[in-house]
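Taking it in order: structure first as structure tokens, then the write-up.
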Amino acid sequence: MPQNYSRVAFLLAALFWAGLIFYLSHQPSIDMPALFPGQDKLFHLIAFGILGFFTMGILRASHKEHQTGQVWLVTIAVMLYGILDEFHQHFVPGRTADVYDVLADAIGGLLGGWTLYYLASVLVRQSPNN
């Protein structure tokens, strides 16, 4: 039963985070100092990495561990959300759609999903119940 509570918590966190991404992408512009070229790709990677982490937590682990196929499923889901986000931005004045943002989103989703996969597998191996 505790696993179900954590999955619900991950679901709520993922929905909140996806909503925050949508809200931010709906803003005509976000004033950020330019620290280095392409910094927006890093922001995409981080934001969608967090979404990938939360999304991975929603999935049921079989035999106490997630499967690598679930990481790829999360990556595809996060990338699809990134595509929808870019499509949405295409209609927001002052914003543009960028295929490289989608690439950064997908990589972020992969890294976020893989991070939870790795952390959970380490915790399972260290569990005294194994």
Side-chain angles (χ1 to χ4, degrees):
M1 186 66 86
Q3 184 185 26
N4 288 334
Y5 289 126
S6 67
R7 289 176 60 215
V8 169
F10 275 109
L11 173 63
L12 293 174
L15 290 173
F16 170 79
W17 197 255
L20 180 63
I21 289 171
F22 181 86
Y23 172 78
L24 292 174
S25 69
H26 194 69
Q27 304 309 304
S29 67
I30 299 174
D31 293 330
M32 302 278 298
L35 303 174
F36 54 88
Q39 76 181 18
D40 67 311
K41 305 306 180 254
L42 178 62
F43 295 151
H44 274 264
L45 188 135
I46 293 168
F48 283 81
I50 293 169
L51 183 60
F53 185 88
F54 290 152
T55 304
M56 187 70 180
I58 297 168
L59 301 178
R60 182 180 306 275
S62 61
H63 306 294
K64 296 185 181 179
E65 291 189 56
H66 286 95
Q67 305 299 310
T68 55
Q70 291 175 310
V71 176
W72 296 112
L73 180 65
V74 165
T75 303
I76 291 168
V78 169
M79 183 181 71
L80 289 174
Y81 189 72
I83 291 169
L84 289 174
D85 180 55
E86 291 303 311
F87 180 74
H88 164 246
Q89 282 188 43
H90 177 73
F91 299 101
V92 176
R95 302 298 290 264
T96 59
D98 185 358
V99 70
Y100 293 110
D101 286 348
V102 173
L103 180 61
D105 299 342
I107 293 169
L110 174 67
L111 293 175
W114 201 260
T115 299
L116 184 60
Y117 170 83
Y118 176 76
L119 291 175
S121 66
V122 167
L123 290 175
V124 166
R125 283 188 219 120
Q126 292 178 352
S127 172
N129 296 332
N130 284 338

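In this text the structure is predicted, and so the values were computed from the model without any measurement.
Proximity of Trp72 to Leu110: side-chain heavy atoms (C-beta onward) are separated by under 4.5 Å at one or more points. You'll find the side chain of Phe53 reaches within 4.5 Å of the side chain of Leu119, heavy atoms only.
For residues 103-112, every residue pair satisfying the side chain to side chain donor-acceptor pair (under 3.5 Å) rule, not counting sequence neighbours, is listed here: His44-Asp105. Applying the salt bridge (charged side-chain N to carboxylate O under 4.0 Å, His left out) test to every pair with at least one member in residues 78-97, sequence neighbours left out, gives no pairs at all. Residue pairs meeting the ring-ring contact (aromatic ring centres under 6.0 Å, His included) criterion with at least one partner in residues 89-113, sequence neighbours excluded, are Phe87-Phe91.
Of all heavy-atom pairs between Val74 and Gly113, the closest is CG1-CA, 4.4 Å. Between Thr75 and Ala106 the shortest heavy-atom distance is CG2-O, 3.6 Å.
Shown here are the side chain to side chain contact (heavy atoms under 4.5 Å, CB included) partners of Ile76, two or more places apart in sequence or in another chain: Leu80. Applying the side chain to side chain contact (heavy atoms under 4.5 Å, CB included) test to Leu15 and every residue at least two apart in sequence or in another chain returns Leu11. For Tyr23, the side chain to side chain contact (heavy atoms under 4.5 Å, CB included) partners two or more places apart in sequence, or in a different chain, are Gln27. Scored by the side chain to side chain contact (heavy atoms under 4.5 Å, CB included) test, Trp17 finds Leu20, Ile21, Ala47, Ile50, Leu51, Phe54 as partners (sequence neighbours excluded). Judged as a salt bridge (charged side-chain N to carboxylate O under 4.0 Å, His left out), and not counting sequence neighbours, the contacts of Asp98 are Lys41.
Note that the CG atom of Asp101 and the CZ atom of Phe43 stand 12.0 Å from one another [nearest 0.5 Å]. Here the CG atom belonging to Leu45 is positioned 13.5 Å from the CD atom belonging to Gln39, to the nearest 0.5 angstrom. Atoms CG and CD, on Leu116 and Gln70 in that order, are 10.0 Å from each other to the nearest 0.5 Å. Put simply, CE on Met79 and CZ on Phe48 are 12.0 Å apart, with the number rounded to the nearest 0.5 Å.
Follow the hydrophobic side-chain contacts under 4.5 Å out from Phe10 and you reach Trp114 in the same cluster. One hydrophobic cluster holds both Leu24 and Tyr81 under the rule that ILVMFWY side chains link at heavy-atom gaps under 4.5 Å. Under the 4.5 Å side-chain heavy-atom criterion for grouping Ile, Leu, Val, Met, Phe, Trp and Tyr, Val102 is not connected to Val78 through any hydrophobic cluster.
A donor-acceptor contact shorter than 3.5 Å is absent between the side chain of Tyr117 and the backbone of Val71.
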